[in-house]
S.K.: 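First the structure, then my questions, so here it is.
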Amino acid sequence: MHLTEIGRKALEHVSGDPLNKDGYLARIRDLEGRNPVAWSYISEAVETYAAGCFKATAVMLGAAAEAQVLELRDDMLNRLTAAAAPVVA
């Protein structure tokens with residue numbers, strides 16, 4: 001049995017390396033304000049990363065970022081509306 005270079009790198013950061021899906025997701029699971037849609041894309045991104053599908057990983061991370069930004073936009077709009085501030089949509 002032998003260890004590949006990718007395996008050596010993964011072992012260096014076993015709890016936080018995306019190649020260790022469970023460890024990586026556990027490390028980021030408790031981030032405040034976790035969006036369920038973004039979380040599903042991040043989980044998928046970890047899978048595609050481990051499979052070496054790096055373009056798919058980038059797409060999934062982009063979708064996760066978009067979900068977070070849209071949620072932030074909606075929250076800001078709701079707060080401004082609640083404060084009776086004029087809002088241009």
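Just so you know, these numbers use all the heavy atoms, side chains as well, and skip hydrogens, waters and symmetry mates.
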S.K.: Which pair of heavy atoms, one from A50 and one from L19, lies closest together, and at what distance?
M.R.: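 Closest pair (atom of A50, atom of L19, distance): CA-CD2, 3.8 Å.
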
S.K.: How close do L61 and A45 get, heavy atom to heavy atom, and via which atoms?
M.R.: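 Scanning both residues completely, I find the closest heavy atoms to be CD2-CB, 3.8 Å.
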
S.K.: Please name the pair of heavy atoms, one in V37 and one in A67, separated by the smallest distance, quoted to 0.1 Å.
M.R.: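 That would be CG1-CB, 3.9 Å.
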
S.K.: How would you list, by chain and number, every residue that makes a ring-ring contact (aromatic ring centres under 6.0 Å, His included) with Y41, sequence neighbours excluded?
M.R.: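 Per chain and number, Y41 pairs via ring-ring contact (aromatic ring centres under 6.0 Å, His included) with no residue.
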
S.K.: Going by the rule side-chain contact (heavy atoms from CB on, under 4.5 Å), which residues pair with R73 if we only count those two or more places apart in sequence or in a different chain?
M.R.: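 Here the qualifying residues are L70.
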
S.K.: Should V69 and M76 be counted in the same cluster of Ile, Leu, Val, Met, Phe, Trp and Tyr side chains packed under 4.5 Å apart?
M.R.: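 Unlinked, V69 and M76 end up in two clusters.
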
S.K.: I need the S43 OG to K21 NZ distance, nearest 0.5 Å.
M.R.: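 Separation between the atoms: 4.0 Å.
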
S.K.: Nearest 0.5 Å, what's the CD1-CE distance between I42 and M60?
M.R.: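 So the CD1 of I42 and the CE of M60 are separated by 11.5 Å.
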
S.K.: When rounded to the nearest 0.5 angstrom, what is the spacing between CZ in R29 and CH2 in W39?
M.R.: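 Nearest 0.5 Å value for the CZ-CH2 distance: 5.0 Å.
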
S.K.: Quick one: pull up CG in L72 and CG in L77 and give me the separation to the nearest 0.5 Å.
M.R.: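 These two atoms lie 11.0 Å from each other.
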
